[in-house]
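Below is one structure; the comments refer to it alone.
Note that the structure is predicted; figures quoted are calculated from it, not measured.
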Amino acid sequence: MKKLLLLSLCCLFFGCTTEEYESGDGELSYLRADFVMAYADAQRKISTAVTDEGEQLTLRKSLTPKWAEKGDSTYRALLYYNKVEGEVEPVSIVSVSVPKVRKTSDIKEKIYTDPVTFESAWKSTNNSFVNLGLQVKTGTADGVDAKQVIGMLCDTIIQREDGNKVIALRLYHRQNGVPEYYSAGLYVSIPFDRLPCDIKKGDVVSLTINTYKGEVRKEFIY
């Protein structure tokens, strides 16, 4: 059974609380889903967002998701909406995790790379993020109150002879005893400007993810 991130993830390097998708009342034929930067005002209400394609969206009605804990802040999110005759009718908004990438050498505790299910990885059209679509196994059981941990590590930074760098990243995942009864979706966005080094055109981000079928490696040129 697949669900859209109903689990609660305790994130070692970032917060990642989301809200479940709601079907809404709009025409499904117009339903869209875009990764956005969403602005929450002083009352934590989100009424504007900018897509990765640079389109500014003004919502017909504002949203106040529980995960937008601070006002006057910008959040990475996945926005579901109906767009009819130029108007944006919001259906649901899901928080997208944005990790602070930590150097593996700085981690003193045990490093976990428990498997996940890899679905997709792509670079945003505005060249600001590497986005990941994952599935994690989750569930509940009597006496188990643990939370999974998700993070991002930088193993090495290699300087190539051509002057460009290869930044080797690895997904940190600790199952932490959470039962693996069903799959839940998780989106992660890795911002290029939060890597533990300066990045320039031609540099390569190499990302390794441990899955139930073995390691998956994806590379993206900045």
Side-chain angles (χ1 to χ4, degrees), residues 1-24 26 28 30-38 46 49 51-53 57 63 65-69 75-82 90-101 112-125 128-141 144 146-153 169-191 207-218 220:
M1 177 170 61
K2 183 185 286 189
K3 296 187 177 181
L4 179 60
L5 200 61
L6 300 183
L7 76 165
S8 177
L9 285 173
C10 174
C11 293
L12 182 62
F13 312 133
F14 54 90
C16 57
T17 306
T18 72
E19 293 186 347
E20 186 178 3
Y21 173 78
E22 298 176 358
S23 61
L28 293 182
Y30 296 105
L31 184 65
R32 295 185 56 173
D34 281 320
F35 282 81
V36 300
M37 298 302 297
I46 295 174
T51 70
D52 286 354
E53 288 72 29
L57 304 176
L63 300 172
K66 294 178 181 178
W67 48 260
E69 297 179 347
Y75 294 91
R76 182 69 168 165
L78 176 60
L79 177 65
Y80 294 90
Y81 62 98
N82 294 304
V91 174
S92 182
I93 191 165
V94 177
S95 175
V96 174
S97 301
V98 180
K100 175 184 177 181
V101 182
Y112 292 87
T113 56
D114 294 333
V116 298
T117 299
F118 172 79
E119 291 198 327
S120 58
W122 70 99
K123 187 172 67 171
S124 63
T125 53
S128 295
F129 299 93
V130 170
N131 299 307
L132 299 178
L134 307 173
Q135 293 281 331
V136 294
K137 298 289 187 180
T138 188
T140 58
V144 177
K147 295 181 180 180
Q148 297 186 55
V149 182
I150 292 285
M152 192 63 60
L153 299 173
L169 304 184
R170 181 158 45 120
L171 182 73
Y172 179 109
H173 175 230
R174 183 179 180 183
Q175 189 71 27
N176 205 24
V178 175
E180 301 181 48
Y181 295 154
Y182 57 85
S183 295
L186 171 67
Y187 289 108
V188 177
S189 285
I190 308 164
L207 176 60
T208 300
I209 302 166
N210 187 31
T211 79
Y212 291 97
K213 296 181 179 180
E215 287 191 345
V216 171
R217 182 173 288 109
K218 297 294 182 178
F220 301 90

Practice task
Begin with the C-alpha distance, continue with both residues' side-chain angles, and end with the deciding distance and a verdict on side-chain hydrogen bond (donor to acceptor under 3.5 Å, both in side chains) for D34 and Y81.
Solution key: CA-CA 8 Å; D34 281 320; Y81 62 98; 2.5 Å; yes
Check whether any side-chain heavy atom of [X] sits under 4.5 Å from a side-chain heavy atom of [Y], and report yes or no.
X    : Y    : answer
V188 : V98  : no
T117 : L134 : no
I209 : L132 : yes
R174 : Q148 : no
V101 : L153 : no
V94  : Y80  : yes
I190 : P99  : yes
T113 : Y172 : no

Practice task
Decide side chain to side chain contact (heavy atoms under 4.5 Å, CB included) for I93 and L78; before the verdict, give the C-alpha distance in whole Å, the side-chain angles of both, and the deciding distance to 0.1 Å.
Solution key: CA-CA 6 Å; I93 191 165; L78 176 60; over 6 Å; no
Exercise for the section: Decide whether T208 and R217 meet the rule of one side-chain donor and one side-chain acceptor closer than 3.5 Å. Expected result: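 Yes - a donor-acceptor pair under 3.5 Å links their side chains.
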Handout entry: Test item: side-chain donor near acceptor, E180 and Y212, under 3.5 Å
Key = yes
Problem - Candidate pair L171 and N210, rule side chain to side chain contact (heavy atoms under 4.5 Å, CB included), full reasoning - result: CA-CA 7 Å; L171 182 73; N210 187 31; over 6 Å; no
Which atom names give the shortest non-hydrogen contact between [X] and [Y], and what distance separates them?
X    : Y    : value
Q175 : K137 : NE2-O, 2.9 Å
A77  : W67  : CB-CH2, 4.0 Å
M152 : L169 : SD-CB, 4.2 Å
I150 : H173 : CD1-CD2, 3.4 Å
S97  : L186 : OG-CD1, 4.1 Å
S189 : P191 : O-CD, 3.4 Å

Exercise for the section: Kindly check if the number of other-residue, nucleotide or ligand heavy atoms within 6.0 Å of NZ (K218) is above 12? Expected result: no
Exercise for the section: Report the residues that fulfil salt bridge (Lys or Arg N to Asp or Glu O under 4.0 Å) with R76, sequence neighbours left out, ordered by chain and then residue number. Expected result: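 Scan of R76 (salt bridge (Lys or Arg N to Asp or Glu O under 4.0 Å), adjacent residues dropped) gives D52.
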Handout entry: side chain to side chain contact (heavy atoms under 4.5 Å, CB included) between F35 and V96, worked out
Key = CA-CA 8 Å; F35 282 81; V96 174; 3.8 Å; yes
Handout entry: Atom pair OH (Y182) and OG1 (T140), whose distance is rounded to the nearest 0.5 Å
Key =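 One finds 6.0 Å between OH of Y182 and OG1 of T140.
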Exercise for the section: Look up atom CD1 in I46 and atom CG in L79, then write down how far apart they are to the nearest 0.5 Å. Expected result: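 Those atoms lie 8.5 Å apart.
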Problem - Near-ring test W122/F129, centroid separation under 6.0 angstrom - result: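 No; W122 has its ring centre 6.0 Å or more from that of F129.
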Exercise for the section: Before giving the answer on side chain to side chain contact (heavy atoms under 4.5 Å, CB included), spell out for V136 and D114 the whole-Å C-alpha distance, their side-chain angles and the decisive distance to 0.1 Å. Expected result: CA-CA 10 Å; V136 294; D114 294 333; over 6 Å; no
Problem - Check: T211 side chain, E215 main-chain N or O, donor-acceptor pair, under 3.5 Å - result: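 Here the side-chain-to-backbone pair does not exist.
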